[in-house]
Amino acid sequence: MLELSINGEAHHADVTADVPLLWVLRDVLGMTGTKFGCGIAQCGACTVHLDGQPVRACQLPVGLVGARKITTVEGVGATPAGAAVQKAWLDLDVIQCGYCQSGQIMSAAALIASTPAPSDADIDAAMAGNICRCGTYVRIREGIKKAAAEHHA
Amino acid sequence: MAIRTRTVALLLGAAVVIGGGAVAGRMLFLPGPLDFAGGTRVALADYKGPSPIGVPAKLAHASLIEKGRYLTDAADCRACHTAKGGTPFAGGRPFKLPFGTLYTPNITPDKATGIGNWTDAQFLRAVHQGISADGTRLYPALPYASYALMPDADVLAIKAYLFSLQPVRQANLPNSFTFPYNQRWLMGFWGYFFNKDKRFEPIAERSPEWNRGAYLVEGPAHCGECHTPRTLAQAMNTRQKFAGGAAEGWNAYNITGDRTTGIGAWSKPEIEAYLATGHANGRSVASGPMREAVDLSFSKLTKGDIAAIATYLQTIPPIHSARLGAPAAFAAASHAQGPADNPIGKRVFEQACVSCHAWSGKGALVADAQLTAKKAVSDPTAANVALMVLQGTGPQTAGRPYMPGFARSYSDTEIAAVANYVTARFGTMPSKIAPRDVAKLRAE
């Protein structure tokens, strides 16, 4: 039985150590906010935070999480950066179909938590691995700048 | 005056003959695989201690076929004698050599297209001397110069295992060698000089574990066939033993005791982990042909045999590779620091690589994904980096993280750029691989 700290709560999962964290979140714990996209860490839809760092849950064996604190899209609104991103996303209607957006929000929240005024290059470096088939990239970029300004105001 | 000229000419001629003879001699007469170790060679029968040949103790009472299966794995017959997606041991795998393309033959016991009619003597002659059942010479792509170290009993156990397999009717494909390389009889000369056709003899002063490792490394596992550079005559240049060679476009790196460019800084458990699992933390991940060697061969060997191989490898004299950089420290955690002159490379890296490898090169998810300190990132040819980007790497079994291949996602220009970005950011000898080089590797 593995113990995981997710969004500030302890969860238990009876899984082997090599199961990807994403499967544990979605299939074992029923937390389906985090999405399955490609399964090979190439699209970013499964992004969660480990101690505030964005990671791709589809390629992370759950046994490697250890005592690190997991934050998912269900819990990121409780962090100041996450709340700022969610507000900016609503203000600017960033989302189109929405499938990639939990991953976009997680990567964006981690970026503005660590970078007060992200430049375009900072946004490219942090967000290029999050793919959006609807092409909402322009609004995502705008949303990040707005959220960063409000978060660090 | 005339006499003087003649004397000078004679002297010059003699110098040319002696010099040429010395060069030819150096090329034709190479040290044996264990010459570096010194000590007293003894016949197997006279060696005191557990036998260094055959199968490990736990298989001592196994059937001949079971013993043969273990030795077939140790000799990694399957890797070459299986086409991509084909039936194991039915052959057909292409090898692109400087002289043309060669296809491995069917070694299942089919009587028409395989080796089902071969006698023990014919099988031994093929494995030890590179002569096929019908008397034609085999190219040393079959590593008989290494397999010659295997005693008859081990070779015949392999034959027993192969003959226990389901026969597969699959005709051999002709190779595409042109004159003079299609003259198989010439291989007789090659064999005369470069295959001593001598069975393994242990060294009395060395431990049983070392001798077992020596047997496995030099005989069945045939490590030197890829890791030792070749002479002009395509023989293993044993003066540069294990200093690094090539296989199918990949560089097979230095595995001598050199601390910066070899494996001299690796601990014994690190060498063992690498061979048994394909990954030594912070050291290396097996890719390409070495990944196959791990999956099909080393991962099937007993812990004792893996330990023996490591023990032996740790005694290989260090040779420094001038064309390989020392490991670098971790790169900066921020994208903003690092190579600034390669925007295409950086763009590809941030799109496709950083999620797993991290800007620092430490690896963002699993330890296997560390780029820092890997030999491939300090290799100024960037061949292995480009091939990993093209083909992917890692254990592609369900549920385990692996690197996908990007051959169909990125152009030659993009792959060359990201390979150069990776060597510049994470290594100590930046590469300048060009799109046309990537195009060649794509065809491997």
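Excluded from the calculations below are hydrogen atoms, water molecules and symmetry mates; all remaining heavy atoms, backbone and side chain alike, are included. Just so it is clear, the model here is predicted, and its values are computed rather than measured. Per chain, numbering begins at 1; letters A, B, ... match sequence-line order.
Ring geometry for B:Phe349 versus B:Tyr421: interplanar angle of 30 to 60°, hence tilted.
Electrostatic pairing of A:Glu150 and A:Lys146 counts as a salt bridge here, judged by a charged N lying under 4.0 Å from a carboxylate O. Note on A:Lys145 versus A:Asp120: salt bridge recorded, some NZ/NE/NH1/NH2 to OD/OE distance being below 4.0 Å. Under 4.0 Å is where a charged nitrogen must lie from a carboxylate oxygen, and between B:Arg78 and B:Glu292 no such pair does.
Between chain B and the options A:Asp124, A:Thr115, A:Leu60, the largest number of non-hydrogen pairs under 4.5 Å is found for A:Asp124. Annotation: maximal heavy-atom pairing with chain B below 4.5 Å, among A:Ala41, A:Gly39, A:Gly129, A:Ala125, occurs at A:Ala125.
At most 12 heavy atoms of other shown residues, nucleotides or ligands fall within 6.0 angstrom of atom NZ in A:Lys69. Residue-environment remark: CZ (A:Arg133) stays at or below the threshold of 12 foreign heavy atoms within 6.0 Å.
Under 3.5 Å, the side chains of A:Thr136 and A:Gln101 contain a donor-acceptor pair of N or O atoms. Side-chain contact check for B:Asn251 and B:Thr381: at least one donor-acceptor pair (N or O, by modelled atom type) lies under 3.5 Å.
Chain A is approached within less than 4.5 Å, heavy atom to heavy atom, by B:Ala364, B:Leu365, B:Val366 from residues 360-379 of chain B, ordered by number. The interface of residues 102-111 of chain A with chain B, defined by heavy-atom distances below 4.5 Å, is empty.
Expressed to the nearest 0.5 Å, how far CG of A:Leu4 lies from NE2 of A:His12 amounts to 8.5 Å. Summarising the geometry, atom CG belonging to A:Asn130 is positioned 11.5 Å from atom CD belonging to A:Gln42; distances are rounded to the nearest 0.5 Å.
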